[in-house]
Amino acid sequence: MPDDAPNSWESRADAYSLYGFTDLPTIRDRGAVVLTHGEGPYIFDVHGRKYLDANSGLWNMVAGFDHAGLREAAQAQYDRFPGYHAFFGRMADVTVALSERLVEVSPFSRGRVFYTNSGSEANDTLVKMLWFLARAEGQPERRKILTRVNGYHGVTVVAASMTGKPYNGLFGLPLEGFLHLTCPHYWREGAGGESEAEFVARLARELEEVIAREGADTIAAFVAEPVMGAGGAIPPPEDYFRTIAPILKRHGIPLVADEVICGFGRTGEVWGSETYGFLPDAIIASKAMTAGYFPMGAVILGPELSDRLQAASEAVEEFPHGFTGSGHPVGSAIALKAIDVILNGGLLENVRRLTPRFEAGLADLAQHANIGEARSKGLMGALEAVADKATKTPFAPDLSVSERIANTCTDHGLICRPLGQSIVLCPPFIMSDAQMDEMFEKLGAALSAVFAEVA
Ligand SMILES: *Cc1c(COP(=O)(O)O)cnc(C)c1O
């Protein structure tokens, strides 16, 4: 029951705040969870209740909620130079250092970085770069962007158009020229009797057909998350990217990896594109780049796009784009520290060490009669609930099964995320074995309780 006294935190949240991506009837019944602080992977609410956050905040708080090194890096930079922009050829020294570091840890031999405040803005920036480039190079018709159904690329108008989710129809989106290909989810999208290899071949044929139909020279890029995140933690078949990357290359269409979730270690390598063995032409980064301690995003261009953008910009004097907060010195200092903590402070190693335990925990819960699929890559994964395992029939949407599972978890001190009929898990990189066991124990109990009610 929500605390509905007029001066309660819950009532005040409700009276004055608009919630994004929030099931409003649930909030009416249960009240918002109003938080005060965190410790390691745990968060605490205004009533002193403690929750293990199995989603790293929103995929991003990979170093936990009280990392001393990140707080000190922020404080030191606030003391030294608390804010500046990156326009007119001026840029903070730490931002210069961060770009150098990002290119160094990128899969590119060289390249350049453009900063934003979010992943959505980074995707919008990328598309503006490509449109700008196309016009500068005498190909103004090269504007279409290919993404996939269930791909998530953000919420600004272009990023939402890239996102392959039905709710964007509520805004009259996508914009014209944003095309969504089949989601590479074999378990759900594979046709009866089709092998995984045949499924990949079918998606490759679809890509060829779309390119032939639309015309290769009207397509500005193919943008994809290595593992789909907000679509439901969906890893593609192992050969998917190795199959489609050469097709794009043959047609001269840039392949952009939206690494906003996968980047900086989530899949067990620094980049998800590394995990799947393909080299993109550009990378979109955000989320774990600052371990969630500052809002910051980046477009990292590989050598070819970087050279072409530089030349096109010089021809008209400038690339007329940027945000007041682009390359913020405090964000830059935090990102430098976060990259160091992840790569040299044992976090990436811990992702690799924990992955088998994570896979085993998911596989164990997948024994349940109402779990149709357990899927994961590195430390991102999902359990998909089904009414009937053999036929993969989902539960009736009005049962709100995944919401009920997540709410039951919340009641028992575990935060996990319902997405469609799935429960998504993406634990912070700092988790201990005991904390991971706690996560699966609480989730297992919630699954049993909810399935006993609905199945
Ligand atoms: C979160 C996300 C974005 C959008 O980032 P925001 O900072 O929320 O704008 C873009 N792409 C992917 C893959 C994401 O997960």
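Below, each value reflects all heavy atoms present in this structure, side chains not excepted, and no hydrogens, waters or symmetry copies. Both ligands and their constituent atoms are indexed starting at 1 by order of listing. Residue numbers run from 1 in the order of the sequence given.
Each of Asn123, Thr116, Thr125, Asp124 was scored for a side-chain contact (heavy atoms from CB on, under 4.5 Å) with Thr156, with one residue passing: Asp124.
Salt bridge present: Lys442 and Glu438 bring a charged side-chain N and a carboxylate O closer than 4.0 Å. Here Arg352 does not pair with Glu349 in a salt bridge; the nearest charged N to carboxylate O distance is not below 4.0 Å.
Checked against side-chain contact (heavy atoms from CB on, under 4.5 Å), Asn55 has the following partners two or more places apart in sequence or in another chain: Asp53, Cys416, Arg417, Val424, Cys426. Qualifying side-chain contact (heavy atoms from CB on, under 4.5 Å) partners for Ser402, counting only residues two or more places apart in sequence or in other chains: Pro418, Ile423. Not counting sequence neighbours, the partners of Lys50 by the side-chain contact (heavy atoms from CB on, under 4.5 Å) test are Tyr42, Phe44.
Around ligand 1 you find Ser118, Gly119, Ser120, Asn123, Tyr152, His153, Gly154, Glu225, Asp258, Val260, Ile261, Lys287, each with a heavy-atom distance below 4.0 Å.
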